[in-house]
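Notes follow the structure.
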Amino acid sequence: MISLSPNIQNTSSSLWSEALAYIPGGVNSPVRAFRAVGGNPFFVQSAHACYLRTCDNEELIDYVGTWGPAILGHAPEAVLRAVVQQAKKGLSFGIPHPLEVEMAKKISKLVPSIQKVRMVNSGTEATMSCIRLARGATGRDRIIKFEGCYHGHVDSLLVKAGSGSLTFAHPDSAGVPAALAALTITLPFNNLMAVEEVFKKNGSQIACIILEPVPANAGLYLPAEGFLEGVQALCQEYGALLIFDEVMSGFRLAPGGYQELSGIHPDLTALGKVIGGGLPVGAFGGKAELMDQLSPRGPVYQAGTLSGNPLAMAAGLAQLNEMEHLDGWNQLEEKGMLLEKKILSAIDQRPLTFHRIGSMFCLYFREGPINNLDDAKISDTKKFAQFFHGCLKKGLYLAPSQFEAGFISLAHTKEVLEKTGDIIIETLGEIGY
Ligand code: HOZ
């Protein structure tokens, strides 16, 4: 039996010393290291509903939600039941099984642009596979991405990237061959003229544009009116494919992601997070004709031993079914509105900007407007760090970087959201706002 009760050997600080000795930087993903806010990360022994329990036996209200997947809250009954039931039948088959078909049908029913979908194990795999498919299908090598958008740690996409690579000032990673990075053109988000210029000069060489329709890896900002429509029209004019990275927005902003809300249907979509229900999952899909260019039908190779893993399929399906059953997306919108109202009334006239769409949000420490990476970068990250620690001391856990979004789940009750607003207001007061 594993004991969950904390003891002196298993406090966050003792675990951190050991982690530093055996894991690079002490973490398995850089943003967890608290480098952007100072101090050391806490360790978690369990998570339930909207709470984390640390190894120091403290309870925290969690707005990271394992970086998005915990849309129902942590360890929801329906998902646990499905995972346990499936585990008893086998953990991995490496050969087709019924849940893969059920998941593929579900995704193509919910996401407007997807007729066929392939499962992978992470968002990184999903975007990497989209890029390869786009290059294979068009016979072109160059791609366009936007500054501050983060699409996982894919070589071609770690160029002026957001999230941890932005937080730690490595938007262009060491180890990415210069010749490969040279094929990636980066442009400012929300600047349609810049996209047009690139197409005019290099239109016949561009395989695709990849973007987060709602960029959420440099904080959170929204597409300007007409921007995504304009990008799509240019792609169509020049024969390039449009890829939406809906790893975070997919199944969160609406059952069919931001493409359902906006009515803009990309050629390919990268997905992840919510369809894994907390287990490691990604997926990518699009029109049947395009997806059929993948091996074994087509010449574009893509594979994965654990892809479509039965436990992950069971968890994701249970999570999506529960969201549908509970009318989860409308509930999330109401919760988001409640938090927004409270925060907006408190930050009025102060040099702060609050952005929210559905259950995703970000508080920037600068006045608006914020429409792209350059705008986001001017945020006062020192103030953010003070704010982060002030909230944490009061039991509120926000993402440990200005350049990440917050996630509300169905488990965040009205009372918890009110309390969150109070803590935020009190902390802002303490740090001089
Ligand atoms: N912003 C990242 C996900 N889109 C955070 C997760 C990570 O890098 O570990």
Side-chain angles (χ1 to χ4, degrees), residues 19 23-37 41-44 47 52 62-71 74 120-128 130 145-155 157-171 173 189 210-221 243-253 257-258 269-276 278-284 355 357-364 373 376-377 379 381 384 388 397-409:
I23 304 173
V27 289
N28 283 314
S29 195
V31 287
R32 300 176 198 172
F34 277 30
R35 290 268 180 96
V37 290
F42 56 84
F43 281 68
V44 170
L52 297 177
D62 177 27
Y63 283 94
V64 179
T66 185
W67 303 93
I71 199 162
H74 292 286
V120 291
N121 302 293
S122 67
T124 291
E125 273 185 64
T127 57
M128 178 184 77
C130 284
K145 79 172 280 289
F146 291 94
E147 295 162 8
C149 281
Y150 175 74
H151 307 287
H153 60 286
V154 181
D155 278 357
L157 299 173
L158 272 184
V159 186
K160 294 201 179 161
S163 190
S165 60
L166 170 64
T167 300
F168 302 126
H170 299 303
S173 172
F189 196 79
I210 185 166
L211 54 83
E212 298 174 72
V214 178
N217 282 290
L220 175 77
Y221 42 84
I243 304 170
F244 273 12
D245 175 346
E246 295 230 50
V247 168
M248 278 193 271
S249 54
F251 311 103
R252 176 168 278 278
L253 296 183
Y258 189 72
T269 304
L271 298 164
K273 314 261 186 195
V274 174
I275 36 165
L279 295 186
V281 167
F284 66 104
H355 284 175
I357 176 164
S359 55
M360 297 167 76
F361 67 89
C362 175
L363 179 64
Y364 286 105
L373 176 65
K377 275 199 308 202
S379 187
T381 51
F384 174 82
F388 169 84
Y397 177 52
L398 300 165
S401 164
Q402 171 69 92
F403 303 121
E404 299 290 350
F407 297 99
I408 301 169
S409 79

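Both counts, for ligands and for their atoms, begin at 1 and track the order of listing.
The protein non-hydrogen atom at the shortest distance from atom 2 (C) of ligand 1 is S163 OG, 3.2 Å. Regarding atom 5 (C) of ligand 1, its nearest protein heavy-atom neighbour is W67 CE3, 3.5 Å.
Only the side chain of M248 comes within 4.0 Å of ligand 1, counting heavy atoms alone; its backbone N, CA, C and O stay farther away. Only side-chain heavy atoms of K273 come within less than 4.0 Å of ligand 1; its backbone N, CA, C and O stay farther off.
Between F403 and Y150, the distance separating the two ring centers is not shorter than 6.0 angstrom. Taking the centre of each ring, Y221 and Y364 stay at or above the 6.0 Å mark.
You'll find the side chain of N217 stays beyond 4.5 Å of the side chain of P215, heavy atoms only.
The S29 neighbourhood of ligand 1 comprises atoms 7 (C), 8 (O), 9 (O), with distances under 4.0 Å to a heavy atom of that residue.
In this structure, H153 places its NE2 atom where only 12 or fewer heavy-atom neighbours from other residues, nucleotides or ligands lie under 6.0 Å away.
In terms of N/O distances under 3.5 Å, ligand 1 is approached by N217. In terms of polar-atom proximity, defined here as any N/O pair under 3.5 Å, E404 does make such a contact with ligand 1.
Taking the six-membered ring where the residue is Trp, Y63 and F361 present perpendicular rings, their angle passing 60° and hence far from 30°.
A side-chain donor-acceptor contact under 3.5 Å links T127 to the backbone of H151.
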